[in-house]
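Worksheet: one structure, shown below.
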Amino acid sequence: MPDSLLPPAATVKPVILTGDRPTGPLHIGHYAGSLRNRVALQKTHRQFLLVADTQALTDNARDPDKVRRNVLEVALDYLAVGIDPVETTICLQSGLPALAELTLLYLNYVTVARLERNPTIKDEIAQRGFGRDIPAGFLCYPVAQAADITGFDATLVPVGEDQAPLIEQTNEVVRRINHQAGRELLLEATALIPEAGRLPGVDGKAKMSKSQGNAIHLGASPEEISEAVKRMYTDPQHLKVSDPGRVEGNVVFTYLDAFDPDKAAVAALKEQYRQGGLGDVSLKHRIDGILQELIGPIRERRRQLAGDPAYVLGLLKAGTEAARERTQGVLDRVRSGLGLFTLA
Ligand code: TRP
């Protein structure tokens with residue numbers, strides 16, 4: 001496409017946009033799936049993190065209070081894991097009206113049939129038991145997410161594996177809008193998904209979530225961590241230390257793969273476990289130590305920051321203001337690119 005309205009790529013850092021619904025404290029699944037990528041990339045990229053409260057409302061319409069209460073909690077989690085507020089801009093979705101307006105425009109370039117086929121949406125509809133009574137806002141949240149991503153001109157989106165279909169849907173919207181405008185108004189984005197795949201819950205269930213009671217939160221106490229480790233699903237056939245055990249589907253090994261920096265040691269442990277001679281108690285001792293070391297400093301930073309809510313609120317306010325200008329710029333570009341009437 002010829003005349004691009006975008007700034008020349010070489011002059012700016014590539015942009016990251018990603019976010020989380022504020023519905024509860026974040027856990028080590030979020031950490032492995034996305035948070036640690038964000039911490040690693042914040043210097044080389046221009047990063048924006050969205051506390052996605054309007055998206056959270058799409059499946060919590062009856063409990064807006066929960067969403068409100070968790071906004072600062074998510075911001076705290078970000079800072080506690082090492083998001084640097086100088087490098088990364090943290091902002092509040094409902095404070096960015098341009099995103100809502102972009103959503104409204106994009107909705108005309110997406111069909112209901114396509115939304116119903118979105119695998120993430122399909123899964124979530126089943127999980128939440130919506131049946132036919134799907135709130136329209138819920139069905140359409142992928143379009144709002146497309147607005148989030150494109151509204152910042154983001155090209156990289158660090159997310160867990162379950163979000164991949166949403167990035168694909170975003171890029172479809174981008175192509176439709178660009179086609180309609182006859183030029184490159186919007187950029188396509190790439191999902192950055194960890195190789196290891198999604199971290200299961202401690203009970204071995206595919207999804208770690210607060211509602212399932214199988215999560216380890218980033219603010220977990222040493223006792224809570226050890227308690228969760230005790231409950232970790234291993235190999236139910238592995239009764240005696242000398243028995244050969246299964247590594248596949250064994251949550252302790254999955255977590256070691258995700259968090260143990262010593263890959264060679266983990267490989268040796270797997271070998272020993274398969275052959276027999278490695279007991280669950282000593283295996284669990286290792287993951288306990290690693291999780292205590294990972295979460296300890298996060299918990300401590302979180303505790304300190306929680307004592308200064310005005311500071312966290314100030315960051316969120318300043319970040320949202322900066323993002324307001326940026327997203328308004330994209331909205332203006334889309335409006336004029338589509339040829340909407342301008343009053344000015
Ligand atoms: N859908 C994401 C989640 O449920 C949250 C989110 C909102 C998001 N807007 C986003 C993620 C934009 C990536 C990009 O966790």
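These numbers come from the heavy atoms of this one structure, side chains and all, not from hydrogens, waters or symmetry mates.
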| Any donor-acceptor N/O pair, Y255 side chain to P200 backbone, under 3.5 Å | yes
| message | If you define the side chain from C-beta out and look only at heavy atoms, does anything of F152 sit under 4.5 Å from L96? | response | yes
| Quick one: do the T23 and N70 side chains pair a donor with an acceptor below 3.5 Å? | no
| request: Flag the pair E87 and K43 as a salt bridge only when some basic side-chain nitrogen lies within less than 4.0 angstrom of an acidic carboxylate oxygen. | output: yes
| request: Would you please say whether a donor-acceptor pair under 3.5 Å links the side chains of Q328 and D332? | output: yes
| message | Quick check: do V241 and L278 have side-chain heavy atoms less than 4.5 Å from each other? | response | no
| task | Report yes or no: does T44 contribute a side-chain atom to a donor-acceptor pair with the main-chain N or O of L41 at less than 3.5 Å? | result | yes
| Nearest-0.5 Å distance that lies between atom CG in L338 and atom CG in N108 | 9.5 Å
| request: Say whether T120 and D162, considering side chains only, have a donor N or O and an acceptor N or O under 3.5 Å apart. | output: no
| request: State plainly whether the residues R175 and E188 are in salt-bridge range, i.e. N to O under 4.0 Å. | output: yes
| Distance-only, no hydrogens or angles: does the R302 side chain make a donor-acceptor pair with backbone N or O of V81 under 3.5 Å? | no
| said: Are L156 and L50 connected into the same hydrophobic cluster when the rule is that any two of I, L, V, M, F, W, Y join if their side-chain heavy atoms are below 4.5 Å apart? | reply: no
| request: Measure from the side-chain N and O atoms of K284 to the backbone N and O of V229, and report whether any donor-acceptor pair falls under 3.5 Å. | output: yes
| task | Check whether L92 and I149 end up in the same hydrophobic cluster, where Ile, Leu, Val, Met, Phe, Trp and Tyr are linked by side-chain heavy atoms less than 4.5 Å apart. | result | no
| Hey, what do you get for CG (L315) to SG (C91), rounding to the nearest 0.5 Å? | 12.0 Å
| field | Hphob cluster co-occupancy, V159 + V74, side-chain heavy atoms under 4.5 angstrom | value | no
| task | Would you check if L218 and L35 make a side-chain contact, meaning some heavy-atom pair closer than 4.5 Å? | result | yes
| task | Answer yes if the side chains of T88 and Y78 hold a donor-acceptor pair under 3.5 Å, and no otherwise. | result | no
| request: Step through the shown structure and confirm whether more than 12 heavy atoms of other residues, nucleotides or ligands are within 6.0 Å of NZ on K240. | output: no
| Got a donor-acceptor contact below 3.5 angstrom from the K205 side chain to the V202 backbone? | no
| request: Determine whether L166 and L192 fall in the same hydrophobic cluster, where Ile, Leu, Val, Met, Phe, Trp and Tyr are linked whenever their side-chain heavy atoms lie under 4.5 Å apart. | output: no
| K66 versus P22: any side-chain heavy-atom pair under 4.5 Å? | no
| T18 side chain vs P158 backbone, donor-acceptor pair below 3.5 Å | yes
| Lys NZ or Arg CZ of R21 over Y141 ring: under 6.0 Å, within 45° | yes
| said: Is it the case that the side chains of T234 and N250 hold a donor-acceptor pair, with the cut-off being a distance below 3.5 Å and no angle test? | reply: no
| query | Which heavy-atom pair separates G151 from L99 by the least distance, and what is that distance? | reply | CA-CD2, 4.1 Å
| query | Could you walk me through whether D235 and D280 pass the side chain to side chain contact (heavy atoms under 4.5 Å, CB included) check? | reply | CA-CA 9 Å; D235 172 3; D280 280 3; over 6 Å; no
| Is any side-chain heavy atom of V39 less than 4.5 Å from a side-chain heavy atom of I83? | yes
| E224 and H217, any side-chain heavy atoms less than 4.5 Å apart | no
| Parallel, tilted or perpendicular for F253 and Y273, by the 30°/60° rule? | perpendicular
| Do Q163 and Q145 get their side chains close enough for a donor-acceptor pair, meaning under 3.5 Å? | yes
| request: Return the minimal non-hydrogen interatomic distance between F341 and L343, and the atom names on each side. | output: CE2-CD2, 3.8 Å
| Taking the side chain as C-beta and beyond, is there a heavy-atom pair between T170 and D148 under 4.5 Å? | no
| request: Please round to the nearest 0.5 Å and tell me the distance separating atom NZ of K207 and atom CG of N214. | output: 10.0 Å
| said: For the residue pair Q169 / N118, report whether a side-chain donor-acceptor contact shorter than 3.5 Å exists. | reply: yes
| query | Under 3.5 Å, side chain of N60 to main-chain N/O of D63, donor-acceptor pair present? | reply | no
| request: Quick one: pull up CG in L187 and CG in N178 and give me the separation to the nearest 0.5 Å. | output: 8.0 Å
| said: If you count every heavy atom of other residues, nucleotides or ligands that lies below 6.0 Å from E293 atom CD, does the total exceed 12? | reply: no
| Which atom pair, heavy atoms only, marks the closest approach of P165 to P119? | CB-CD, 3.7 Å
| query | Between Q93 and Q55, is any side-chain donor less than 3.5 angstrom from a side-chain acceptor? | reply | no
| Exercise: identify the closest heavy-atom pair between A80 and L305 | N-CD1, 4.1 Å
| field | H30 side chain to H27 backbone, donor-acceptor under 3.5 Å | value | yes
| With side chains defined as the heavy atoms from C-beta onward, is the minimum distance between T190 and I167 less than 4.5 Å? | no
| field | NZ/NE/NH1/NH2 to OD/OE distance under 4.0 Å, R333 and D153 | value | yes
| What heavy-atom pair brings Y311 and P85 nearest, and what distance separates the two atoms? | OH-CG, 3.7 Å
| Contacts of R38 that satisfy side chain to side chain donor-acceptor pair (under 3.5 Å) - sequence neighbours left out | D20, S34
| task | Flag yes if I16 and I193 sit in one hydrophobic cluster, no otherwise; membership is Ile, Leu, Val, Met, Phe, Trp, Tyr, and two members link when side-chain heavy atoms are under 4.5 Å apart. | result | no
| task | Drop me the distance from K13's NZ to Q42's CD, to the nearest 0.5 angstrom. | result | 9.5 Å
| query | More than 12 heavy atoms of other residues, nucleotides or ligands under 6.0 Å from CD of E248: is that the case? | reply | yes
| Residue among E321, R46, R326, Q47 satisfying side chain to side chain donor-acceptor pair (under 3.5 Å) with T89 | R46
| request: List the steps, then state whether side chain to side chain contact (heavy atoms under 4.5 Å, CB included) holds for L79 with I90. | output: CA-CA 10 Å; L79 297 169; I90 303 175; 4.0 Å; yes
| said: Could you check whether any side-chain N or O of K317 sits under 3.5 Å from a backbone N or O of V312, counting only pairs where one atom can act as donor and the other as acceptor? | reply: no
| said: So which atom in Y109 and which in R176 form the shortest heavy-atom distance, rounded to 0.1 Å? | reply: O-NH1, 3.3 Å
| said: Tell me whether the NZ or CZ atom of R231 lies within the 45° cone about the ring axis of Y233 and under 6.0 Å from its centre. | reply: no
| L105 side, atom CG; I177 side, atom CD1 - distance, nearest 0.5 Å | 7.0 Å
| message | Main chain of P244, side chain of R274: is a donor-acceptor contact present, judged purely on distance under 3.5 Å? | response | no
| Intermediate values then yes/no, salt bridge (charged side-chain N to carboxylate O under 4.0 Å, His left out), D53 and R68 | CA-CA 7 Å; D53 60 340; R68 183 182 45 74; over 6 Å; no
| field | side chain to side chain contact (heavy atoms under 4.5 Å, CB included) between I216 and L291, worked out | value | CA-CA 9 Å; I216 301 177; L291 291 178; 3.9 Å; yes
| task | Please work out which of the three classes, parallel, tilted or perpendicular, describes the rings of F130 and F138, given edges at 30° and 60°. | result | perpendicular
